[in-house]
Amino acid sequence: GNCGNFSKSSCSSATSLSVVQAACVGKSSCSVAADNVNFGDPCPDTFKRLAVQAAGCSSGMPSTFVVDFGENLAGFTRLKTQGAAGQTVTLRHAEALMHPPYGPVNGSVYTGNLRTALATDTYTFKGTGTAETYTPSFTYHGYRYVQVEGLANLTMDDITQIHFRTDNALIVNFTTSSTVINKIHYGAYRGQGSNMMSVPTDCDQRDERLGWMGDADLSADSFALNYDSGAFMSSYVRTMSDAQDSSGSLPDTAPFARYGNQPADPSWSAAMPQNVYVRYAIGGEDGLAKTYWNNLTAYFGNIADQVQKAGGIGKWKPSYGDWVPASASLKVAGEVCSTFNYITNVKQMVELATHLNLSDEVAKYTQLHESLIQDFQTTFYNSSHNCYDNCQQAGWAMAIAASVSDKTSSMVPAFINDIVNVSQNHVTGGIIAVKALFPALDMVQQHDTAIALAAQTTYPSWGYMFYNDVEPATSSLWELWDGPTQGPGMNSRNHHMFSSISGWFVQSLGGFRSVHCQSDVVLAPGFSPLLSHVKISRESECGIIGLEYRQHGGVQHLQHPEGRSTLRTIAPVVEEGLLTCGDHGGVFVAVHKASWATDSHASMDAIVEAVVAKACLGQQECSIPSHADFWRQHYESITYDPNPRTLRLALECSSPTRYEVVTTLPAGIQGHLVLPRSFTVQGSSNTRYDAGAVLKVSSGHDLLALTPAA
């Protein structure tokens with residue numbers, strides 16, 4: 001149809017039809033790229049959709065179908081359909097569709113990142129005259145898409161994605177008012193699940209799928225928090241012990257096969273003490289520590305030998321270090337990573353030895369811990385710039401997380417400036433740095449900075465994985481920050497090594513600091529104004545433990561990315577951001593921040609402010625669309641940006657801030673709610689509590705009303 005009188009070109013359905021006819025008529029299958037190169041540029045600066053309907057086919061010749069199951073999972077495809085005797089159907093599995101730089105956008109699957117893995121199943125029909133069911137044996141694939149070749153017809157009723165993994169039950173339920181954080185958490189734990197295959201594998205799709213211990217170290221906490229994974233990870237500790245040699249060294253992969261070295265990179269072999277400690281600290285179990293204490297002692301003896309042979313921690317070069325940093329030029333020295341993990345693991349040994357009443361071991365590892373901290377300070381402290389190593393996020397984060405010096409408090413302004421202003425709320429480190437980064441920010445009372453960093457949606461970030469317009473993730477995390485633009489050599493779209501952020505979500509945002517049944521439950525949520533609502537529950541052996549808080553009144557914040565049109569969608573995902581003052585917060589009276597931009601620092605845009613003021617002021621709640629289709633009505637033109645624009649709002653309510661907190665504890669379990677800042681507990685006495693105060697909460701359901709103290 002005609003889109004109007006545009007000077008650059010016309011928008012004619014006849015022109016579009018001729019392009020499609022030339023590409024398709026007379027062929028059994030065709031691909032038509034919906035882009036300006038193919039169709040010219042009809043209707044500049046407008047959103048264009050290509051919709052094609054074939055009138056029919058000349059015969060029932062075998063065709064190619066590509067099925068999108070919507071989620072990237074581990075498993076296989078079940079096919080139930082009818083075919084002639086001897087007819088063969090081929091199923092090719094993939095994580096992504098073809099797109100530049102790998103090839104043209106033609107609707108076919110992209111398999112380059114699978115390397116030598118064929119990920120292909122074939123079935124030859126018996127020709128029974130009725131539907132035949134095929135499921136492959138002795139294999140699984142990591143995939144979202146399957147390309148089916150050799151059938152004349154295929155419906156969604158004929159084909160099913162079967163997801164399977166080790167039977168570790170998901171035991172945590174976590175949601176917030178941030179759609180970005182919710183998507184990241186979902187992708188993290190779903191990706192973890194796809195890599196639970198008797199051992200925790202690194203990825204589920206390519207010709208590797210090994211028990212890389214670096215991944216098992218990084219995800220240990222979140223595995224334990226998200227899943228009933230005690231037996232699974234205990235089994236893996238036994239696998240690690242089986243791979244330990246007579247010198248006490250551990251390999252990079254367990255079982256040790258095909259890839260890696262022995263001795264391992266110290267940040268990889270850290271998986272053994274880390275997982276033993278996690279089973280105690282999160283699982284409330286000390287059986288692993290008792291069983292494998294001699295293995296741990298031998299391991300730390302080998303680590304000490306490695307350091308001595310290297311000539312000290314400053315020359316202790318690892319194989320990998322801070323793997324795949326967001327900025328390669330800012331990568332921290334590998335020696336810093338190795339020493340950070342060494343310090344962390346030794347501190348864990350002190351805690352385990354104390355619990356087991358091993359007084360000699362407590363003294364031994366305490367002395368070692370103190371010595372390592374001093375060595376870290378002497379070796380990596382940059383006195384000229386008051387920082388560590390190369391004065392980047394990774395060095396600061398590891399030094400703070402390991403509590404190596406009182407000097408770190410003086411570094412906090414530079415550390416935060418690097419994150420907020422220099423890096424524009426983006427991470428710069430790799431897998432080791434980002435695990436240390438968020439706890440480090442909590443330790444220096446920068447909880448809101450950590451949330452802003454976690455909820456980032458422009459590159460590089462976890463949110464970018466879900467909100468880019470080339471390959472938006474749905475149920476997994478990538479191996480690389482820039483996966484869709486990188487080559488096939490090492491480019492999984494379902495890796496859990498960056499899923500450590502999920503553990504921080506549960507422990508810091510949800511406040512689940514100690515939630516096993518062998519001791520009192522400790523709940524310490526951050527109560528950040530950036531999250532108006534947080535709800536979490538976790539199944540334990542003694543019952544459900546839960547916490548929910550909701551902010552009423554005060555200043556309500558919203559950060560909502562635009563839904564993106566992708567290679568797979570005809571229409572954009574239209575989402576709206578909801579703002580509410582809550583039941584006890586009155587109505588909106590002022591707009592403090594209003595922007596729709598990629599820049600996380602953008603504070604006030606007059607156009608957005610006017611739209612929001614009209615829709616929200618005087619209302620208890622309001623919804624504002626975040627998609628470009630809505631904002632085109634208000635801007636003269638909108639240029640394309642590969643990064644998603646985000647609607648960022650801050651609106652003041654007529655009533656002051658009040659938090660309603662609901663806790664759920666099993667019978668017989670005592671709970672403690674730790675306050676991150678000063679609050680007044682509403683009640684008969686309106687008692688004021690300072691930051692760090694601990695409130696007792698009772699079994700069953702407990703309701704508290706808190707207001708920030710002046």
Side-chain angles (χ1 to χ4, degrees), residues 3 34 43-49 51 70 175-184 186 452 455-458 461 463-470 472-474 530-533 551 555-582 585 587-653:
C3 319
C43 309
D45 296 325
T46 63
F47 184 85
K48 297 172 282 290
R49 299 176 175 85
T175 59
T176 74
S177 53
S178 167
T179 57
V180 179
I181 288 175
N182 295 344
K183 286 189 176 185
I184 295 169
Y186 182 77
Q456 178 64 261
T457 54
T458 57
S461 66
Y464 180 76
M465 299 180 191
F466 294 87
Y467 285 94
N468 72 91
D469 64 352
V470 179
T474 58
L530 299 181
L531 298 175
S532 60
H533 180 227
Q551 177 188 339
V555 177
Q556 297 283 341
H557 293 261
L558 173 74
Q559 179 178 325
H560 199 80
E562 62 174 314
R564 304 301 295 265
S565 305
T566 72
L567 301 173
R568 290 159 296 283
T569 60
I570 294 175
V573 178
V574 180
E575 296 180 338
E576 293 188 343
L578 175 67
L579 273 169
T580 177
C581 286
V587 298
F588 292 115
V589 294
V591 180
H592 292 301
K593 182 176 184 178
S595 67
W596 183 69
T598 59
D599 181 6
S600 59
H601 292 308
S603 59
M604 192 66 82
D605 179 299
I607 293 176
V608 180
E609 180 186 13
V611 171
V612 172
K614 182 178 179 180
C616 298
L617 295 187
Q619 304 296 317
Q620 180 187 348
E621 67 178 35
C622 59
S623 296
I624 305 293
S626 59
H627 195 272
D629 272 4
F630 172 80
W631 291 103
R632 281 194 181 93
Q633 305 170 38
H634 304 281
Y635 290 93
E636 290 185 5
S637 64
I638 296 175
T639 57
Y640 170 76
D641 195 305
N643 283 303
R645 294 174 175 87
T646 296
L647 182 66
R648 293 180 175 86
L649 306 176
L651 275 68
E652 183 180 349
C653 301

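The structure places NE2 of H627 at 13.0 Å from CG of L647, a figure rounded to the nearest 0.5 Å. Considering CD of Q619 and CG of L579, their distance stands at 12.5 Å, rounded to 0.5 Å. With rounding to the nearest 0.5 Å, the separation of OG1 in T457 from NZ in K183 is 10.5 Å. Atom-to-atom distance recorded for W631:CH2 and D605:CG is 8.0 Å, nearest 0.5 angstrom. The CE atom of M604 sits 10.0 Å away from the NZ atom of K593 when rounded to the nearest 0.5 Å. Residue Q559 holds its CD atom at 10.5 Å from OG of S177, rounded to the nearest 0.5 Å.
Under the 3.5 Å distance criterion, the side-chain polar atoms of S461 are matched with a main-chain donor or acceptor of Q456. Proximity of a side-chain donor or acceptor of E621 to a complementary backbone N or O of G582 within less than 3.5 Å is not detected. For the pair S532 (side chain) and Q556 (backbone), a donor-acceptor distance under 3.5 Å is absent. The backbone N or O of A628 sits nowhere less than 3.5 Å from a side-chain atom of W596 that would complete a donor-acceptor pair. No donor-acceptor pair under 3.5 Å is formed between the side chain of E562 and the backbone N or O of D629.
Looking at residues two or more places apart in sequence or on another chain, you find a side chain to side chain contact (heavy atoms under 4.5 Å, CB included) between A615 and I624. With sequence neighbours left out, F588 forms a ring-ring contact (aromatic ring centres under 6.0 Å, His included) with no residue at all. With sequence neighbours excluded, the residues satisfying side chain to side chain contact (heavy atoms under 4.5 Å, CB included) with T176 are F174, S178, I181, N182, L531, V534. Partners of A590 according to the side chain to side chain contact (heavy atoms under 4.5 Å, CB included) rule, which considers only residues two or more places apart in sequence or in another chain, are H592, E652. H601 is linked by a ring-ring contact (aromatic ring centres under 6.0 Å, His included) to nothing, counting only residues two or more places apart in sequence or in another chain. Residues satisfying the side chain to side chain contact (heavy atoms under 4.5 Å, CB included) criterion with T598, sequence neighbours excluded, are T458, D641, N643, R645.
The minimum heavy-atom distance linking D599 with R648 is given by the pair O-NH1, 3.4 Å. Residue C653 comes nearest to G585 through the heavy atom pair CB-O, 3.2 Å, listed as atom of the first residue, atom of the second, then distance. Of all heavy-atom pairs spanning C616 and L651, the tightest one is CB-CD2, 3.5 Å. Closest non-hydrogen pair, T474 versus G70, comes out as OG1-O, 2.7 Å. In terms of heavy atoms, P561 sits closest to V180 at CG-CG2, 3.4 Å. Residues D469 and P642 come closest through the heavy atom pair OD1-O, 4.1 Å.
In this structure, Y186 and T175 have side chains that are not in contact, with every pair of non-hydrogen atoms separated by 4.5 Å or more. Here the side chains of Y467 and T179 are in contact, with some heavy-atom distance below 4.5 Å. The side-chain heavy atoms of T646 and S600, taken from C-beta on, include no pair separated by under 4.5 Å.
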- Task: Determine, step by step, whether V591 and L617 satisfy the side chain to side chain contact (heavy atoms under 4.5 Å, CB included) criterion, reporting the C-alpha distance in whole Å, the side-chain angles of both residues, the deciding distance to 0.1 Å, and the verdict.
- Result: CA-CA 8 Å; V591 180; L617 295 187; 4.1 Å; yes
- Verdict with reasoning, F466 to I184, per side chain to side chain contact (heavy atoms under 4.5 Å, CB included): CA-CA 8 Å; F466 294 87; I184 295 169; 4.1 Å; yes
